[in-house]
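This report refers to the structure that appears directly beneath it.
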Amino acid sequence: MNQVILIHGAPEDEREYYEYPDSPSNAHWFPWIQKELCKHEVISVAPEMPKPYDPFYEDWVKVFEQFKISNETTVIGHSCGAGFLLRYFSEHSNLVVKKIILVAPWIDPEPKELSTDFFGFTFDSDLSKRISLSIFTSTDDYDPCIKSLAIIEKELPNVNYHRFTDKGHFVDSSLGTKAFPELLEEILK
């Protein structure tokens, strides 16, 4: 059965996490994409990851592993969630999914943002050979995401890039909408 698992990013800090009107798993394009997937009879989930403002990798793994992952699963990560997926699938080379889609991936390229070793891993250089991997990126994203992308490009060949110049960090304020039709098209391919 086709399914999609969406992993959100990390708010700037605890204050933003509690004051923002939507939880990270219900922010930006997440609700829109889930509704559109329903129209195509694709099951999707967007779990709320623990303490996203100060993420601890093992805690995120416990939540992620509650879902059945198979070769019919598409996983999508935004920002820190994309970095989480890179680490998880680099460390679990026995797992195969239908597709990994990363949106504005961030891996803390100058380890200073996070207080934990959330991104303390080595890339599996075969990841993009064994799993279809697509990345959505924009040249006007935050500098740490641009630096993250440069690292990812160096480490992982054979990636399908969707490059933009005007999508920022792929959040409401930079997209100007909650709709993300380009992502929906990539999921449904």
| said: Under a 4.0 Å threshold between the charged nitrogen and the carboxylate oxygen, would Arg163 count as salt-bridged to Glu153? | reply: yes
| remark: Nearest heavy-atom contact between Trp32 and Lys178 is CB-O, 3.4 Å
| query | Do Glu185 and Lys189 sit within salt-bridge range, that is, some charged N less than 4.0 Å from a carboxylate O? | reply | no
| request: With the side chain counted from C-beta on, respond yes when Ile152 and Pro105 share a heavy-atom pair under 4.5 Å apart, and no when they do not. | output: yes
| Does CZ in Phe164 sit with more than 12 non-hydrogen atoms of other residues, nucleotides or ligands closer than 6.0 Å? | yes
| task | State whether Phe118 and Arg87 meet the cation-pi test: NZ (Lys) or CZ (Arg) under 6.0 Å from the six-membered ring centroid, and within 45° of the perpendicular axis. | result | no
| What heavy-atom pair brings Pro47 and Ile5 nearest, and what distance separates the two atoms? | CD-CG2, 4.3 Å
| task | Apply side chain to side chain donor-acceptor pair (under 3.5 Å) to the pair Glu182 and His162, showing each step before the final yes or no. | result | CA-CA 9 Å; Glu182 298 91 348; His162 300 268; over 6 Å; no
| request: Compare all side-chain heavy atoms of Asp172 with those of Trp29 and state whether any distance is below 4.5 angstrom. | output: no
| task | To the nearest 0.5 angstrom, please state how far the CD1 atom of Ile187 sits from the CG atom of Asn2. | result | 11.0 Å
| task | Please examine the side chains of Glu48 and Val63, heavy atoms only from C-beta on, and report whether any two atoms are closer than 4.5 Å. | result | no
| field | Contact check, side chains of Leu37 and Leu184, non-hydrogen atoms, under 4.5 Å | value | yes
| query | Does the pair Lys167 and Asp141 meet the rule for a salt bridge (charged side-chain N to carboxylate O under 4.0 Å, His left out), with working shown? | reply | CA-CA 7 Å; Lys167 304 285 188 205; Asp141 199 347; over 6 Å; no
| query | Do Phe119 and Trp106 pass the ring pair (Phe, Tyr, Trp, His ring centres under 6.0 Å) test, and can you show the C-alpha distance, the side-chain angles, and the key distance before you say yes or no? | reply | CA-CA 9 Å; Phe119 295 119; Trp106 176 66; 5.5 Å; yes
| task | Taking Thr177 for its side chain and Ala179 for its backbone only, find out whether a donor-acceptor pair lies under 3.5 Å. | result | yes
| Glu58 and Lys62: salt bridge (charged side-chain N to carboxylate O under 4.0 Å, His left out), yes or no, with the steps? | CA-CA 6 Å; Glu58 286 75 14; Lys62 288 176 188 172; over 6 Å; no
| Distance, nearest 0.5 Å, that separates CG of Asp126 from OG of Ser93 | 8.5 Å
| request: Please name the residue in the list Lys129, His92, Arg130 that meets the side chain to side chain donor-acceptor pair (under 3.5 Å) test with Asp124. | output: Arg130
| request: Indicate if Ile135 and Val97 have the same hydrophobic cluster label, given that clusters are the connected sets of ILVMFWY residues with side-chain heavy-atom separations under 4.5 angstrom. | output: yes
| query | Are His8 and His28 close enough that their ring centers fall under 6.0 Å? | reply | no
| ring pair (Phe, Tyr, Trp, His ring centres under 6.0 Å) evaluation trace for Trp60 with Tyr88 | CA-CA 10 Å; Trp60 282 39; Tyr88 186 84; over 10 Å; no
| message | Do Leu149 and Lys147 have side chains that approach each other closer than 4.5 Å (heavy atoms only, starting at C-beta)? | response | no
| task | Look at the aromatic rings of Phe180 and Phe170 and report parallel, tilted or perpendicular, splitting at 30° and 60°. | result | parallel
| field | Ile131 versus Leu95, closest heavy-atom pair with distance | value | CD1-O, 3.7 Å
| Closest approach of Ser148 to Asp108 (non-hydrogen atoms, all atoms of both residues) | OG-N, 4.1 Å
| field | Positive for side-chain contact (heavy atoms from CB on, under 4.5 Å) with His78, one of Val171, Leu183, Leu6 | value | Val171
| Are any non-hydrogen side-chain atoms of Phe30 and Pro24 less than 4.5 angstrom apart? | no
| Output field: ring centroids Phe84/Phe64 closer than 6.0 Å | yes
| task | I would like to know whether Ser23 and Asn26 meet side chain to side chain donor-acceptor pair (under 3.5 Å); could you show each step before the answer? | result | CA-CA 5 Å; Ser23 64; Asn26 288 299; 3.0 Å; yes
| query | Taking C-beta and beyond as the side chain, do Leu127 and Leu86 meet within less than 4.5 Å on heavy atoms? | reply | yes
